[in-house]
Amino acid sequence: MKLIACTEGHSSKIEAFSLEMIAAARSLVEAGDEVVAFFAGAEADAASSLFGAADRLLVARASKSELIPAETYARLLRDVIDAEAPGLVLVPYSANGLDVAADIAARTGWPLISYVNEIKRDGDELTVVAQMYGGKILADCAVRLPAILMVNPGAFAEAAASPIDSAKVSMIDAEAVLAGGKVKMVDIDVPDYADVDLTKAERIVCVGRGIGDEASIDLARNLATLLGAEIAGSRPVVDNGWLPKLRQVGKSGQKVKPKLYLALGVSGAPEHLEGMSQADLIIAVNTDPKAPIFNVAHYGATCDLFDLVANLGDRLRAGSGR
């Protein structure tokens with residue numbers, strides 16, 4: 001059986017979750033199976049240099065476009081499915097994947113399970129754990145192959161990055177499909193992270209909606225200073241204007257992997273977990289014991305975050321002699 005792992009990249013960058021999709025497919029391989037990575041875009045050389053964990057790589061190359069619209073990506077993937085006849089297609093839960101997975105499921109008639117955290121296989125049967133209601137409920141699902149799974153970034157560790165043998169790479173000319181698409185890329189607006197690059201921070205204190213208001217962020221900011229950490233926020237905090245967009249962690253913000261990630265009042269929506277679940281040490285503070293953030297946290301506390309911040313600040317100041 002062939003397992004297709006969908007990967008993504010644009011603007012000279014391969015998305016880190018691409019290696020996670022390959023790892024997820026590799027974890028399900030049985031005797032005689034083959035993991036086929038699929039990539040669409042201009043970064044063919046970058047994909048070839050990283051996706052050695054796959055048995056083969058199919059590249060739908062469009063050298064003149066930095067970003068492949070979901071409509072075109074789905075069309076190209078449908079052609080690959082017709083040619084390869086896979087038993088399983090893994091699509092990342094991303095802005096692109098949300099459209100692609102639904103399109104492929106509708107056109108193939110295959111079952112689709114979204115927000116997948118875990119997958120186990122027994123022949124043609126899969127047992128899947130998927131998130132519901134923003135991660136507050138984990139659903140056990142059973143599905144027969146062929147099927148499509150939309151996998152949460154961060155659910156699987158990245159496959160080892162290594163070059164793939166050029167003999168195992170097949171190129172597909174995507175220019176005609178791209179030109180015939182109804183959706184056209186106009187521009188890519190990438191924020192300037194020169195002043196605040198959270199991806200390089202070793203320690204991050206992130207505040208969520210539970211911080212209450214903008215004034216209370218100063219308490220977390222003071223704690224971050226004591227820890228030598230950067231202050232960051234979840235999307236609700238940024239949407240409220242309490243922190244600038246450059247300090248947002250998550251799907252539509254920065255994706256970080258610090259040595260320490262202290263989450264204060266962060267519920268842990270899938271979009272946020274995508275941006276921080278690979279941190280070396282995650283400590284979460286939330287009064288809701290069922291908050292999804294605790295599914296990825298190494299340590300958690302259900303106390304009042306203001307009490308914890310105040311006491312931790314006192315301990316740190318006492319330890320530093322201040």
Side-chain angles (χ1 to χ4, degrees), residues 1-68 70 72-74 76-77 79-81 83-97 100 119 121 149-175 177-178 188 190 193 197 199-200 254-257 274-275 277-280:
M1 186 181 80
K2 296 175 183 177
L3 298 85
I4 293 182
C6 294
T7 65
E8 296 180 21
H10 65 84
S11 304
S12 303
K13 176 184 176 184
I14 301 296
E15 295 287 357
F17 58 63
S18 296
L19 290 170
E20 297 174 20
M21 296 304 107
I22 295 174
R26 179 62 62 196
S27 72
L28 302 173
V29 165
E30 295 184 354
D33 289 345
E34 183 180 36
V35 174
V36 181
F38 172 69
F39 179 82
E43 294 79 12
D45 292 340
S48 297
S49 70
L50 293 175
F51 296 163
D55 296 309
R56 285 195 293 129
L57 171 61
L58 303 179
V59 177
R61 187 165 193 171
S63 59
K64 298 178 182 178
S65 180
E66 290 188 63
L67 179 68
I68 302 295
T72 301
Y73 189 106
L76 293 165
L77 179 57
D79 292 344
V80 167
I81 290 172
E84 297 288 332
L88 180 64
V89 178
L90 300 179
V91 179
Y93 171 54
S94 63
N96 184 71
V100 169
I119 315 168
R121 178 184 172 195
L149 303 182
M150 187 164 62
V151 182
N152 287 327
F156 290 82
E158 295 178 9
S162 63
I164 189 168
D165 189 333
S166 60
K168 298 179 180 180
V169 180
S170 299
M171 292 291 178
I172 303 167
D173 188 354
E175 297 292 355
V177 176
L178 183 63
I188 298 178
V190 180
Y193 293 120
D197 188 354
T199 64
K200 296 179 180 179
Q254 298 198 53
K255 296 177 183 178
V256 301
K257 192 177 179 181
E274 176 179 336
S277 60
Q278 295 299 309
D280 291 347

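The residues of the chain are indexed from 1 along the displayed sequence.
Taking the side chain as every heavy atom from C-beta outward, Lys255 and Gln278 never approach each other to under 4.5 Å. At least one side-chain heavy atom of Glu8 sits under 4.5 Å from a side-chain heavy atom of Pro92. Here the side chains of Leu90 and Leu3 are not in contact, with every heavy-atom distance at 4.5 Å or above. Residues Leu58 and Val36 are in side-chain contact: their nearest non-hydrogen atoms beyond the backbone lie under 4.5 Å apart. When side chains are defined from C-beta on, Val80 counts as touching Ile172, because their heavy atoms get closer than 4.5 Å.
Scanning both residues, Ala70 and Asn96, for their nearest heavy atoms gives CA-OD1, 3.2 Å. Closest of all the heavy-atom pairs between Phe156 and Ser27 is CE2-OG, 3.8 Å. Contact record, Ser162 with Ala53: OG-N, 4.2 Å, taken as the closest heavy-atom pair. The shortest non-hydrogen separation linking Gly97 to Val91 is CA-CG1, 3.6 Å. Across Ile164 and Ala54, no two heavy atoms sit closer than the pair CD1-O, 3.7 Å. Between Leu178 and Ala62, the shortest heavy-atom contact is CD2-CB, 3.9 Å.
From Thr72, atom OG1 reaches atom CD of Glu175 across 10.5 Å, with rounding to the nearest 0.5 Å. The structure places CE of Met21 at 8.5 Å from OG of Ser94, a figure rounded to the nearest 0.5 Å. Interatomic distance, CG of Leu50 versus CG of Leu57, reported as 10.0 Å (0.5 Å rounding).
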Fill in: Check against side-chain contact (heavy atoms from CB on, under 4.5 Å), Cys6 and Leu77
CA-CA 9 Å; Cys6 294; Leu77 179 57; 3.7 Å; yes
Fill in: Step-by-step side-chain contact (heavy atoms from CB on, under 4.5 Å) determination, Leu149 to Leu88
CA-CA 8 Å; Leu149 303 182; Leu88 180 64; 4.0 Å; yes
Fill in: Gln254/Asp197 under side-chain contact (heavy atoms from CB on, under 4.5 Å): CA gap, chis, key distance, verdict
CA-CA 8 Å; Gln254 298 198 53; Asp197 188 354; 3.5 Å; yes
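Among residue pairs with one or both ends in residues 24-41, those qualifying as salt bridge (Lys or Arg N to Asp or Glu O under 4.0 Å) are Arg26-Asp55, Glu30-Arg121, Asp33-Arg121, Glu34-Arg56; sequence neighbours excluded.
Between Lys13 and Glu43 no salt bridge is recorded (no basic side-chain N to carboxylate O distance below 4.0 Å).
The aromatic ring centres of Phe38 and Phe51 sit 6.0 Å or more apart.
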